Peer 1: 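This is the structure, below, for whatever I ask next.
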Number of protein chains: 2
Amino acid sequence: MPTPAARDRILDTASRLFDRYGVRAVGMQQIIDDCGCGKNTLYRRFASKDDLVVAYLRRCGDDWQRLFDAAQVSASDPADQLVELVRAVGARAVAPGARGGPLRTTLAEYADSGHPVHRVAEAHFVRVRTQVRGLAAATGAADPDELADRLLLILDGLYANGPAFGEAGARTAVAFAEDVLRSARPPARALIRRSC
Amino acid sequence: MPTPAARDRILDTASRLFDRYGVRAVGMQQIIDDCGCGKNTLYRRFASKDDLVVAYLRRCGDDWQRLFDAAQVSASDPADQLVELVRAVGARAVAPGARGGPLRTTLAEYADSGHPVHRVAEAHFVRVRTQVRGLAAATGAADPDELADRLLLILDGLYANGPAFGEAGARTAVAFAEDVLRSARPPARALIRRSC
DNA sequence: GTCTATACTTTGATAGAC
DNA sequence: GTCTATCAAAGTATAGAC
């Protein structure tokens with residue numbers, strides 16, 4: 001029986017290389033060399049490069065899930081949770097060396113919509129949209145789906161702009177999200193503001 | 001002695017294939033077959049695939065420039081020009097078959113920051129940011145750079161979400177941009193609104 | 001017996017030659 | 001325009017080490 005840690009070690013190495021150089025630019029041999037494992041071992045755990053890339057994307061998806069969950073427990077108000085989500089994503093997106101979010105960049109590298117890698121990445125974004133819509137609905141916004149789409153624009157815009165945006169850009173995005181959430185709730189807050 | 005139209009024909013073919021299947025996924029042979037020109041002809045016009053890809057990106061950059069210029073002549077008010085820009089980008093971004101904006105996807109495919117293709121794509125986005133900042137400043141906004149960043153989030157978010165967003169998403173983005181521009185001008189309009 | 005390391009096969013792509 | 005050289009990458013198989 002093979003050591004179960006080997007799979008994780010391989011996936012760790014592959015993830016690091018994929019994040020930095022892109023998926024197609026990294027060869028299996030490079031992963032093997034960097035990992036220090038034999039070629040046989042890798043192909044036992046991952047039948048093909050596609051399988052390895054899919055595992056990588058699933059890990060990235062889990063990473064997003066942790067981010068999302070952490071945002072949800074960070075506050076009781078759904079609006080505050082969404083702001084925290086934007087803040088957390090911004091921190092990653094503008095970090096030096098960040099490169100557009102692994103799911104989006106990998107999706108760009110696998111344009112063929114029939115390819116398993118493409119399908120996994122695409123499914124991720126469907127899920128993300130559903131999750132953000134759920135949280136947007138919980139804010140009690142007048143039009144939760146429109147609110148969700150606005151927040152998705154901010155989130156994906158953040159990833160796309162990346163390090164070029166810098167810390168200031170990340171703060172801008174957070175303030176932006178706050179404004180969006182404030183103005184998306186016309187019944188209560190807007191009246192209070194007008195009464196000032 | 002060679003027909004000058006040949007270069008354009010090759011670039012037309014390459015652009016179409018790159019847009020649809022991605023740059024790395026398209027081989028030179030495929031371009032040659034699709035174009036109907038000889039291999040010699042192609043390599044006389046473009047010394048290497050990198051050169052061809054750079055020419056493709058420059059054409060995409062010119063395309064953006066036309067979009068930007070058209071938005072600028074569409075209205076006299078800079079704020080209206082920016083809204084028109086968002087509308088025009090949205091129309092492209094959510095069109096069926098669109099795939100994230102050719103500059104961004106190609107940048108994702110060429111992660112190496114030393115690669116000529118990467119540098120050309122990166123330079124494009126620096127230019128775009130400068131242009132949007134210029135237009136944002138012309139609106140007389142209190143903080144034009146912050147306004148520009150907010151609009152860039154919308155623009156890139158639009159490209160990233162693509163056809164999944166659909167026509168409704170494009171309309172959401174336009175309304176979003178309108179709100180952003182409205183609230184970015186505190187001196188005049190905000191006072192008018194409060195006086196209502 | 002599973003791990004590492006390496007040699008080999010095949011495929012496909014860029015590029016050049018005629 | 002076809003044919004060919006070169007190279008890199010994905011897999012497969014094999015040889016050796018703990």
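All of these numbers come straight from a predicted model, not from anything done at the bench. So you know, we letter chains A, B, ... as the sequences are listed, proteins then strands, and number each from 1.
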Peer 1: Looking at every strand, decide which applies to Arg7(A) at a 4.0 Å heavy-atom threshold: base, sugar-phosphate, or nothing.
Peer 2: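 Counting heavy atoms under 4.0 Å across all strands, no contact is made by Arg7(A).
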Peer 1: Roughly, in whole Å, what's the span from CG in Asp34(A) to P in dT4(C)?
Peer 2: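 It works out to 14 Å between those atoms.
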Peer 1: Give a yes/no verdict on a cation-pi contact between Arg92(A) and Tyr159(A), requiring under 6.0 Å between NZ or CZ and the six-membered ring centre and an angle within 45° of the axis.
Peer 2: no
Peer 1: Just compare dT14(C), dC3(C), dG11(D) and give me whichever is closest to any side-chain atom of Tyr43(A).
Peer 2: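 The closest nucleotide is dG11(D).
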Peer 1: Given atom CD1 of Ile31(B) and atom C1' of dT14(C), what is their separation to the nearest angstrom?
Peer 2: 11 Å
Peer 1: How close or far is atom C1' of dA10(D) from atom CD1 of Ile32(A), stated in whole angstroms?
Peer 2: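 Distance check: Ile32(A) CD1 to dA10(D) C1' gives 10 Å.
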Peer 1: Of all the nucleotides listed (dG11(D), dC3(C), dT4(C)), which has the minimum atom distance to the side chain of Asn40(A)?
Peer 2: dT4(C)
Peer 1: Please tell me which of the listed nucleotides, dT4(C), dG16(C), dC3(C), lies nearest to the side chain of Lys39(B)?
Peer 2: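 Of the options given, the side chain of Lys39(B) lies nearest dG16(C).
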Peer 1: So Thr41(B), base contact, sugar-phosphate only, or nothing? Heavy-atom distance under 4.0 Å.
Peer 2: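 No contact at all - Thr41(B) keeps every heavy atom at 4.0 Å or more from the nucleic acid.
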Peer 1: Provide, to the nearest angstrom, the distance between the CG atom belonging to Asp51(B) and the P atom belonging to dA15(C).
Peer 2: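 Rounded to the whole Å, the gap is 9 Å.
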Peer 1: On DNA chain C, does the nearest nucleotide to Arg44(A) precede the nearest nucleotide to Gln29(A) from the 5' side, or the other way round? Give the residue.
Peer 2: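 Going by which nucleotide is closer to the 5' end, it is Arg44(A).
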Peer 1: Give the rounded distance in Å between these two atoms: CD1 of Ile10(A) and P of dT4(C).
Peer 2: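 To the nearest whole Å, that distance equals 8 Å.
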Peer 1: Roughly, in whole Å, what's the span from CZ in Phe46(A) to P in dT12(D)?
Peer 2: 16 Å
Peer 1: Assess the residue pair Arg45(B) and Asp51(B) against the criterion (salt bridge (Lys or Arg N to Asp or Glu O under 4.0 Å)); give the C-alpha distance rounded to whole Å, side-chain angles, the decisive distance to 0.1 Å, and a yes or no.
Peer 2: CA-CA 9 Å; Arg45(B) 287 349 186 276; Asp51(B) 282 12; over 6 Å; no
Peer 1: Whole angstrom is fine here: how far is it from NE2 in His115(A) over to C1' in dA10(D)?
Peer 2: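 Between C1' of dA10(D) and NE2 of His115(A): 12 Å.
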Peer 1: Please tell me which of the listed nucleotides, dA10(D), dT4(C), dG16(C), lies nearest to the side chain of Arg9(A)?
Peer 2: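 Closest nucleotide to the Arg9(A) side chain: dT4(C).
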Peer 1: Tell me whether the rings of His115(B) and Tyr110(B) are parallel (<30°), tilted (30 to 60°) or perpendicular (>60°).
Peer 2: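 Aromatic pair His115(B)/Tyr110(B) classed tilted.
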Peer 1: Looking only at the side chain of Lys49(A) (C-beta and beyond, no hydrogens), which of the listed nucleotides dA15(C), dT4(C), dA10(D) gets closest?
Peer 2: dA10(D)
Peer 1: Distance check needed: dA13(C) C1' versus Asp33(B) CG, whole Å only.
Peer 2: 13 Å
Peer 1: Both conditions, 6.0 Å and 45 degrees, for the charged tip of Arg104(B) above the ring of Phe125(B): are they met here?
Peer 2: yes
Peer 1: Just checking, any donor-acceptor pair under 3.5 angstrom between side chains of Gln65(A) and Gln131(A)?
Peer 2: yes
Peer 1: Within the structure, does a side-chain N or O atom of Arg24(B) lie under 4.0 Å from either OP1 or OP2 of dA8(D)?
Peer 2: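 False: Arg24(B) side-chain N/O out of range (4.0 Å or more) of dA8(D) OP1/OP2.
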